[in-house]
Structure formats: structure tokens, C-alpha cells
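Notes for the one structure printed next.
Convention: sequence-line order gives letters A, B, ...; per-chain numbering from 1.
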2 protein chains.
Amino acid sequence: MSLELAPVNKSSLSKQVADQLQEAILEGFLKADDRLPTEDELAKRFQVSRPTIREALKRLAAKNLIRSRRGPTGGTFVNHLGADELSDQLATAATLFVSMNDISVDEISSTRLQLESLCCNLACDHRSEDDLNKLREELKIQLDESTSAEEFCASDVRFHRAIADASNNKMLSFVMYTLIEALQPVANMITYRFRQRDIITEQHRQLLNAIERQDSISARETLCEQVDYLNQLQKEAQANHQRR
Amino acid sequence: MSLELAPVNKSSLSKQVADQLQEAILEGFLKADDRLPTEDELAKRFQVSRPTIREALKRLAAKNLIRSRRGPTGGTFVNHLGADELSDQLATAATLFVSMNDISVDEISSTRLQLESLCCNLACDHRSEDDLNKLREELKIQLDESTSAEEFCASDVRFHRAIADASNNKMLSFVMYTLIEALQPVANMITYRFRQRDIITEQHRQLLNAIERQDSISARETLCEQVDYLNQLQKEAQANHQRR
DNA sequence: ATTTTATATTTGTAAGACAAATTAACTTAT
DNA sequence: ATAAGTTAATTTGTCTTACAAATATAAAAT
């Protein structure tokens, strides 16, 4: 009869090391821009080989928690993560979630409408001149005929992000970024295939105008209009796809 | 004068490989539960060494995109990701975001209040008997005096998740999970230090009741009450901390 | 027929070497 | 003395080889 005293950790060494380091970062023992020990040093301390340490570090790098540079002043450093740095992870997570759980476009766009309405309400109250300038800048890009399709899509994303940021609620911005990214594939497809840029741009102009005037009711109306419009186009596109 | 024709990829090999594999998963070339080639095979195909392949795979493993098993029928497989599987990543992302951008508790809880109100509205309209049963089950756990503090906190999380799920909007649920996780550290601290379980539980009872009766107005009132209550406790806790 | 044993496959870990990048210190020429 | 170029040292990036551990399959023994 064995007492099974050993509480052996079942997961791989590289995962254990990664978890410990992540804990240290989350608990604040390792702060932003702190330099970790060299890989050799870590290998000694954790009593594992360097490849194992490297696998652990790559796990953290995949989460954007650390960055590495070569050379004497190089090494591995803790990242400082803002909404921007986290957005790509959120984007892939959201994209995967949407594609693997067959989320309907309706679900996404209705959720987005609700949340973006919230953002607009707050934006009308709290928008700074800075926020308005960002929106104006993007609108200018979108009005420009010479703007390429790719640039237009990118500007579209930045425009909606700027609305979220204008809410002056960082947590809400963070959440909103996820939704914007999740819907973007659809929006891009529409922009590429139908090129109805002028309609979208006009809606953006009205949105900016409403936020300038702090007219949250009109802002919401415009939002509804845009979401409806995108939904309609999306359904047409789907119908076209079926017909083939 | 060199023409610099070579568009050399600046990032590391392991990152390039990881990106390519991730692309394949996101684009649907690799579906859930598909088995990837063995590490040796991948090394041959990508013309890199096995450690490099492994570093790439660990990057994807950190994102929960793949899992690995040893043995003849083992290998590396594509994960199917639901809201649950993604929640821990969201949790760490949200936790980091909150801690590294000094997000105020007000921002989090006001955002949560708005979103959870939304969930409640939808839940009142669309809740199934299944949803109600989940809520009842958690309430029962919370009413039980013998439930430990840890179990109570876990049940609290599940209760609010169940509300999100009852909205019948998966995208909204997904977003809501993030917020619940982000606020949880605060909620836990309160529960541990003040142990006002009965008040929280009573609020949950009222919430469940309102959703049962499809009374969205009363549901919202109870939500406000709970968020206010948590905010107040949080401020008291902070004041106590200052005084020392 | 059932259990045991061997065996093959695949991921996990280790050790050592060299390459590449990058900075610091040093040397040399002006 | 100053400036530029050179060398050396440090650290991550990659490769090679080898072995360990887990696990399913097939063969062999009971």
C-alpha cells in the first residue's frame, strides 16, 4: 500500500514554469519593463534545461506578456499591456469563438448595437476635443476618394474605436474592442464586395455630428441605421452565395 | 547600392511557424479535433528543427488552440473552444488590463451594471426553464450555510454567468464573461473579509424571482442595488486600508 | 480467453554547440 | 584628443542528437 505522498504535478515542466512566471507578473512581483534573468539563469533556478525554459517563455510571449531582444543589453522583459496590445489576442479569441460556435451575425450586430449605443451615450457626455479630432481625422480619410479599400477598413475600425474611447470608460472601451474585431471580417467583406463606402461614410459623418452636438438620441438612430444597413447587405450577400 | 530585394521576415522562425498554423486553424483548414502532423513531420515540412517546432506549438498551446498527448495515437490536436475554454484567457487579459491601466472600480462596476442590465432584459424575454433551473441550483448552494467561502464565490460567478447565458445571446455572454472575471477579485475580497453572504444571496433571490416573473424593471433595480452595495463595501475596505 | 509482455510511436526533456544580433570597450588613425 | 573602426563579450535564436516517459497495439504466455 503506497501512501502517494507525492503531489506530483501532472502538467509539463514548461507549463509549470510558465505558470509560475505568469503568476509573478500578475501578482506584481515582476513589473512592466522589468528584465527577467537570462535563460541560462532561469534554467539553473528552475532546475530544468534551457529548451524547457524557452518553451515556457514562448508561452508567455504568445500571450504578449513578455518580449525578448538579443545582445548584451538584451534579454526578456515584461510588457506593459494596454487595450491596443491586448486587442489582437481578443480578436483571435473572438474570431475563434464566433467561427466555432456558429454565432449568427444577428447576435453579433445586435450586441454591438447595444454596446455601441452605450458608448455613444457616454461619448456625448464626456467627449473631449481630442476625441472629436480623432473622429474628424478618420472621417477625412474615409471621404478621400483615393483611400484604398484596405485603408478604408482600417479607418473604419479606428473610427469605432475612437467612439469607444470617447466614452471615457476604459473598461467599456476594452470590451468594445473585442466586438469591433469580431464583426470586422463581415464588415470587410461587405466593403470589398459592394464598395458602398459613401453610405457608410455619410453615417459616420452624422455620428460625429451627433456626438459633437451631444445629441445622444440622434446618435443612436444613426447607429441603428448603420447596423441595419450592414445586416441587410450581409443577408443579400448570403442569398447570393446560396444561389450559386 | 543594394536593391534590398529580400523581404526577409524579421520575426523568429518559431513565431512564423506559429502564425502559419494559427492562420490554418482560423481559416478552417484545420478543424476542431483534427490531428496535426507529428513534430518530426512538421520539422521536415517547415524545414526547421524540432525544438523550433515545439516552441511554435507551445505558443499555440498557450492560446488554448491545441492540445498534445503522448503515445502512438497521441499527437497534437486542434481544440474546440467554447466560452468556458476561452474564459481563463479572457480572465488573465482582463486582470492584466485592469491592473496595468489603473482602471477604477467605478469604471468596472458601472460597465458591468450596464451590460448585466442588458443581459437581464434579454433574459426576462428569452429565459428557458433550463436557465431558471441553473439559477435555482446556484441559489440553493448559496443559501446553504455549510457552503465554504470558496464555494460561495465560485457559485456567485456561475450565477452571474447563468444570467448572461439566459440572455440567449452567445456573443453577449462571451463579452459578459470577461467583465465578471475582471470584477471577481474585488468581489472575492469582499466576500472573504466581510462575509455578508446573506445580503448577496437575498439579492440573487430577488433577481431570480424577477427573471422568473419576466419583470425586467425589478431585475434592474436589484442589479443596481447589488452593484451599489459592492461599491460601498469596496470603498469601506479601501478606507480601512488607508487608515492603517 | 485473459493476462502479461514486448514493441513501436509520439511527445517531453536534456545537453551541447554554433549562429546572429547587439552593445561596450578598445584600438587606431587622423 | 577625437573620431571612426574593430574586437570581444553577452544574450537570444536555432540545430543536432540522444534519451525518457507515456500509451496504444500486437504478440506471447498462462
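The distance from atom NZ of B/Lys15 to atom P of D/dT14 is 12 Å, rounded to the nearest whole Å. Regarding B/Ile66, its CD1 atom lies at a distance of 12 Å from the C1' atom of C/dT11, rounded to whole Å. Spacing between atom CD1 of A/Ile53 and atom P of C/dG16 amounts to 16 Å, rounded to whole angstrom units. Distance CZ (B/Phe77) to C1' (C/dT10): 10 Å, rounded to an integer number of Å. Counting to the nearest Å, the C1' atom of D/dG13 and the CZ atom of A/Arg67 are 18 Å from each other. Nucleotide D/dA9 holds its C1' atom 14 Å from the CG atom of A/Asp40, rounded to whole Å. C/dT23 atom C1' lies 12 Å from atom CZ of A/Arg35, rounded to whole Å. Between the P atom of D/dG13 and the CZ atom of B/Arg54 lies a distance of 17 Å, rounded to the nearest Å.
The A/Arg70 side chain lies nearest to D/dG13 when the options are C/dT11, C/dT13, D/dG13. Of the listed nucleotides (C/dT13, C/dT23, D/dG13), C/dT23 has the atom at the smallest distance from the side chain of A/Thr73. Among D/dT14, C/dT11, C/dA14, the nucleotide with an atom closest to any side-chain atom of B/Leu13 is D/dT14. You'll find that the side chain of B/Glu55 is closest to D/dT14, out of D/dT14, C/dG12, C/dT13. Of the candidate nucleotides D/dT12, D/dT23, C/dA14, D/dT23 has the atom nearest to the side chain of B/Pro72.
A donor-acceptor pair under 3.5 Å is absent between the side-chain atoms of A/Asp144 and the main chain of A/Ile141, judged by distance alone. A side-chain donor-acceptor contact under 3.5 Å links B/Arg67 to the backbone of B/Val78. The closest donor-acceptor contact from the side chain of A/Arg70 to the backbone of A/Gly74 lies at 3.5 Å or more, if one exists at all. With hydrogens and angles disregarded, no donor-acceptor distance shorter than 3.5 Å links the side chain of A/Glu55 to the backbone of A/Thr52.
Note on ring orientation: taking the six-membered ring where Trp is involved, the planes of B/Phe159 and B/His204 are parallel (angle under 30°, cut-offs 30° and 60°).
Where B/Gly71 and A/Arg69 each meet DNA chain C at their nearest nucleotide, the meeting point lying more 5' is that of B/Gly71.
A donor-acceptor contact under 3.5 angstrom links the side-chain atoms of A/Arg50 to the base of D/dG13.
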